[in-house]
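Shown next, in structure tokens, is the structure this report addresses.
Just the heavy atoms: all of them, side chains too, but no hydrogens, waters or symmetry mates, feed the values below. All figures in this text were calculated on a predicted structure; none of them were measured in a lab. Each ligand, and each atom within it, is numbered from 1 in the order the structure gives.
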Amino acid sequence: MVVSRQQTDKVKMGKKEDLDKIAREMTENKALPLSKTTTNLVFGNGNLNAKIMFIGEAPGYWEDQKGIPFVGAAGKLLDQLLALIGLSRKDVFVTNIVKHRPPGNRDPLPEEIAAYKPYLDQEIKIIKPKIIIALGRHAMNLFLGEGKISLEHGRGRIIEYQGEKYLFIPMFHPAAALRNSKIKEQLKDDFKKIPLEIKRLAEPLN
Ligand code: URA
């Protein structure tokens, strides 16, 4: 089937409206547990027709200031990692499980993750990625249940989530890589394997 430029633009427009609607709902939802202590909502950002969606943990200081995910030091590393496999932020969609910054950059609490999850679920349904890459254990555990990122990182698998199949790859969080050079090397190796993992596992998703 040939999809015209006009049709693609129409799909993109529908997705943008749907995402804007969720962002508005989140802004108005004063019951969201971290809404009172933050500067900005940090909603997902990137290519609305991306095949690959990266899901991080929660915004940090710069993300909170700018309202855009992964724009601080961890984001700079994410950009470099994407470049390793010939991609840029324009090719992918990047979001977080929790869309407000936890005070002092602490880990999000289980009840905070649960409160923001319905919005992430809607985001995934709208973007319709084929590949989900979880950055860090919190994002990984949301899809796989309790696991160890040190054991699971870099291993792709097909998962079913909200009735859809995805190629799912957990990775170390870029912020962890900034603190530990061994993790950084591992994360680089895992990124370089992404094209191979896609080749190995993506067939059933087509
Ligand atoms: N860490 C995350 O998990 N998300 C961001 O957006 C920035 C840092």
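Residues M53 and I131 fall within the same hydrophobic cluster, defined by Ile, Leu, Val, Met, Phe, Trp and Tyr side chains chained together at heavy-atom separations under 4.5 Å.
With 3.5 Å as the limit, one finds no donor-acceptor pair spanning the side chains of D64 and T38. A side-chain donor-acceptor contact under 3.5 Å links N49 and K15.
Taking the six-membered ring where the residue is Trp, the centroids of F43 and Y116 are separated by 6.0 Å or more. Checked against a 6.0 Å centroid threshold, the rings of F70 and H173 count as neighbours.
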Once you restrict both partners to nitrogen or oxygen, which atoms of ligand 1 have a protein partner under 3.5 Å, and how far apart are they?
| from | atom 1 | to | atom 2 | distance (Å) |
| --- | --- | --- | --- | --- |
| ligand 1 | 1 (N) | A58 | O | 3.4 |
| ligand 1 | 1 (N) | H173 | NE2 | 3.3 |
| ligand 1 | 3 (O) | E57 | N | 2.8 |
| ligand 1 | 3 (O) | A58 | N | 3.2 |
| ligand 1 | 3 (O) | A58 | O | 3.3 |
| ligand 1 | 3 (O) | N96 | OD1 | 3.3 |
| ligand 1 | 3 (O) | H173 | NE2 | 2.7 |
| ligand 1 | 4 (N) | A58 | O | 3.0 |
| ligand 1 | 4 (N) | N96 | OD1 | 2.7 |
| ligand 1 | 4 (N) | N96 | ND2 | 3.4 |
| ligand 1 | 6 (O) | F70 | N | 2.9 |
| ligand 1 | 6 (O) | N96 | ND2 | 2.9 |

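Counting only heavy atoms from C-beta outward, the side chains of P69 and T95 never approach each other to under 4.5 Å.
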